[in-house]
Number of protein chains: 2
Amino acid sequence: MKLSTKGRYGLRAMIDLAIHSKENQVSIKSISERQEISENYLERIIALLKKAGYVKSTRGAQGGYMLTKKPDQISVGNILRALEGDLNPVDCSLINDEKVCSESGLCVTKFVWKRISDSINDVVDNISLQDLVNEQVEIDKSQASR
Amino acid sequence: MKLSTKGRYGLRAMIDLAIHSKENQVSIKSISERQEISENYLERIIALLKKAGYVKSTRGAQGGYMLTKKPDQISVGNILRALEGDLNPVDCSLINDEKVCSESGLCVTKFVWKRISDSINDVVDNISLQDLVNEQVEIDKSQASR
DNA sequence: ACATATCCAACTTATTTGGTCGGATATGAA
DNA sequence: TTCATATCCGACCAAATAAGTTGGATATGT
Ligand code: FES
Ligand code: FES
């Protein structure tokens, strides 16, 4: 029941992008330095976010990445699902309508899984990237004044 | 972000025990047959539940397992945490006060992890084993009358 | 031309998951 | 007492997944 490093690193990368890509392109290298994540690995993570449509890129010198939308239009749920796949605690027909569970009619644990799933998705879909950026700005402010 | 088979099998085993261990001891073998879980593996899972204090055993012929408490005194959260460890999406100081996260003062993702964690635990702590037994009885009833 | 970047597939290594196996021990019943 | 039925328990194992690396191809501003 743990998120992988993809989800954790990827969320930090998106916060970093939201803060730094307002006008300029942001390179993998600079994110990697600020966030202390391996350049190579970060590249693969951002590729997933690009494929999911939350990030766009420009190649070549002075190139880099930017968000495709405003941070308040991207939820933490969007980001985590792009990186981790669905956030359901089990693969169950009731939740993701694949035909995984046989005899789902007799199954009672599915009610538990469904409620967990709903609650997780509810939380992450109601936190936007902008919310986290705001928190970060607050933290940085109080750090600066020490 | 998935539960392992331990959690899934274990919860089913506990429901089975709640239904069948009202007066008699219930053997691994019989649970394994009803739930279609390997005897050997189930044994290891139930050992965890025993260690956590939700199940007691009697050795030898006619032996087996019983619950230590009434099903309404055991929550799904109790069971899942005994089998899976904590249900937090990350190992973070804010949540489980191990000193895992360095610079937690600067970290903003922890707010996300905390809210996910709280919501999961809230759900599972508010479903009792008895609730699931009741659902199961309903399902069995409607199956019988077909 | 060249330094700076992204792009991308293949590879590697470490860890976790999902078991199995073999025996030791306990106990009710014949 | 013997035997079948159980739990107990540590060691072992294979497959899958996570986590990260490597090497090169391609694009582009200066
Ligand atoms: S877990 Fe999907 S129906 Fe039981
Ligand atoms: S994840 Fe624990 S402080 Fe950031």
Side-chain angles (χ1 to χ4, degrees), chain A residues 1-13 17 20-21 23-33 35-68 80 82-86 89-91, chain B residues 1-13 17 20-21 24-33 35-68 80 83-87 89-91 100:
Chain A
M1 237 352 222
K2 290 278 184 281
L3 245 33
S4 72
T5 52
K6 274 193 220 164
R8 290 188 281 124
Y9 294 175
L11 182 55
R12 279 163 57 198
L17 269 173
H20 294 99
S21 78
E23 40 253 8
N24 309 313
Q25 304 282 343
V26 175
S27 68
I28 293 273
K29 192 171 187 190
S30 68
I31 302 177
S32 131
E33 276 162 8
Q35 301 297 326
E36 297 181 301
I37 301 169
S38 136
E39 249 178 90
N40 288 316
Y41 194 36
L42 189 55
E43 186 183 307
R44 299 206 17 190
I45 291 171
I46 294 196
L48 294 172
L49 292 164
K50 191 191 169 190
K51 197 164 70 177
Y54 301 116
V55 148
K56 64 188 168 194
S57 64
T58 339
R59 301 178 69 166
Q62 269 58 263
Y65 296 91
M66 296 186 85
L67 297 183
T68 55
L80 293 181
L83 295 166
E84 301 275 338
D86 69 70
V90 299
D91 290 320
Chain B
M1 238 349 223
K2 290 277 184 280
L3 244 35
S4 73
T5 53
K6 274 192 221 163
R8 291 189 281 123
Y9 293 175
L11 182 55
R12 280 163 56 199
L17 269 173
H20 294 99
S21 78
N24 308 313
Q25 304 280 344
V26 175
S27 69
I28 293 272
K29 191 171 187 191
S30 68
I31 302 177
S32 131
E33 276 162 9
Q35 301 296 327
E36 297 180 303
I37 301 169
S38 135
E39 250 176 90
N40 286 316
Y41 193 36
L42 188 55
E43 188 183 306
R44 298 206 17 191
I45 292 170
I46 294 194
L48 294 172
L49 292 164
K50 191 190 168 189
K51 197 163 68 179
Y54 301 116
V55 149
K56 64 189 166 192
S57 65
T58 336
R59 300 179 69 165
Q62 270 58 260
Y65 296 90
M66 296 186 86
L67 298 182
T68 55
L80 293 182
L83 296 166
E84 301 275 338
D86 68 71
L87 299 176
V90 298
D91 290 321
V100 181

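It should be emphasised that the depicted structure is a prediction, and the values quoted were computed from it without experimental measurement. Below, chains carry the letters A, B, ... as their sequence lines are ordered, and counting in each starts from 1.
Not a single side-chain hydrogen bond (donor to acceptor under 3.5 Å, both in side chains) links A:Ser38 to another residue, sequence neighbours left out. A search for side-chain contact (heavy atoms from CB on, under 4.5 Å) contacts involving B:Ala61 returns nothing, not counting sequence neighbours. Listed by chain and residue number, nothing satisfies the salt bridge (charged side-chain N to carboxylate O under 4.0 Å, His left out) test with A:Lys50 (two or more places apart in sequence, or in another chain).
Of the inter-residue distances, the one linking A:Leu17 atom CG with A:Thr68 atom OG1 reads 10.5 Å to the nearest 0.5 angstrom. Taking CD of A:Glu23 as the reference point, atom NE2 of A:His20 lies at 11.0 Å (rounded to 0.5 Å). How far CE of A:Met1 is from CG of B:Leu83: 13.5 Å, rounded to the nearest 0.5 Å. The structure places CZ of A:Arg8 at 11.5 Å from CG of A:Leu80, a figure rounded to the nearest 0.5 Å.
Rounding to whole angstrom units, NZ of residue B:Lys51 and P of D:dG10 are separated by 9 Å. The CG atom of B:Leu42 sits 15 Å away from the P atom of C:dG18 (whole-angstrom rounding). With rounding to whole Å, A:Asp91 atom CG is found 10 Å from D:dT17 atom P. Nucleotide C:dC7 holds its P atom 12 Å from the CG atom of A:Leu48, rounded to whole Å. Across the protein-nucleic acid pair, B:Ile28 atom CD1 and D:dC9 atom C1' stand 13 Å apart, rounded to whole Å. Straight-line distance from the CD1 atom of B:Ile45 to the C1' atom of C:dG19: 10 Å, rounded to whole Å. Atom C1' of nucleotide C:dG18 and atom CG of B:Leu3 are separated by 14 Å, given to the nearest angstrom. Taking atom CZ of residue A:Arg8 and atom C1' of nucleotide D:dA18, one finds them 11 Å apart after rounding to whole Å.
Note on A:Ile46: nothing from the nucleic acid sits closer than 4.0 angstrom, heavy atoms only. B:Lys50 comes within 4.0 angstrom of the backbone, heavy atoms only, and of no base.
A heavy atom lying under 4.0 Å from DNA chain D marks the following residues of residues 57-64 of chain A, by number: A:Arg59, A:Gly60, A:Ala61, A:Gln62.
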For residues 24-32 of chain B, dump all side-chain donor-acceptor pairs below 3.5 Å to protein atoms at least two apart in sequence or in another chain.
| unit_1 | atom_1 | unit_2 | atom_2 | d |
| --- | --- | --- | --- | --- |
| B:Gln25 | OE1 | B:Thr58 | OG1 | 2.9 |
| B:Gln25 | NE2 | B:Thr58 | OG1 | 2.8 |
| B:Ser27 | OG | B:Ser30 | N | 3.2 |
| B:Ser30 | OG | B:Ser27 | O | 2.9 |
| B:Ser30 | OG | B:Arg34 | NH2 | 3.4 |
| B:Ser32 | OG | B:Ile37 | O | 3.2 |

Close N/O contacts between protein and nucleotides 20-23 of chain C (under 3.5 Å):
| unit_1 | atom_1 | unit_2 | atom_2 | d |
| --- | --- | --- | --- | --- |
| C:dT20 | OP2 | B:Ser38 | OG | 2.5 |
| C:dT20 | O4 | B:Arg44 | NH1 | 3.3 |

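In terms of phosphate contacts, B:Ser4 brings no side-chain nitrogen or oxygen within less than 4.0 Å of OP1 or OP2 of C:dT16. Within the structure, a side-chain polar atom (N or O) of B:Tyr9 is placed less than 4.0 Å from OP1 or OP2 of C:dG19.
Here the shortest heavy-atom pairing between B:Ser21 and B:Tyr65 reads CB-O, 3.9 Å.
Both A:Met1 and A:Ser27 sit near DNA chain C, but only A:Ser27 has its closest nucleotide nearer the 5' end.
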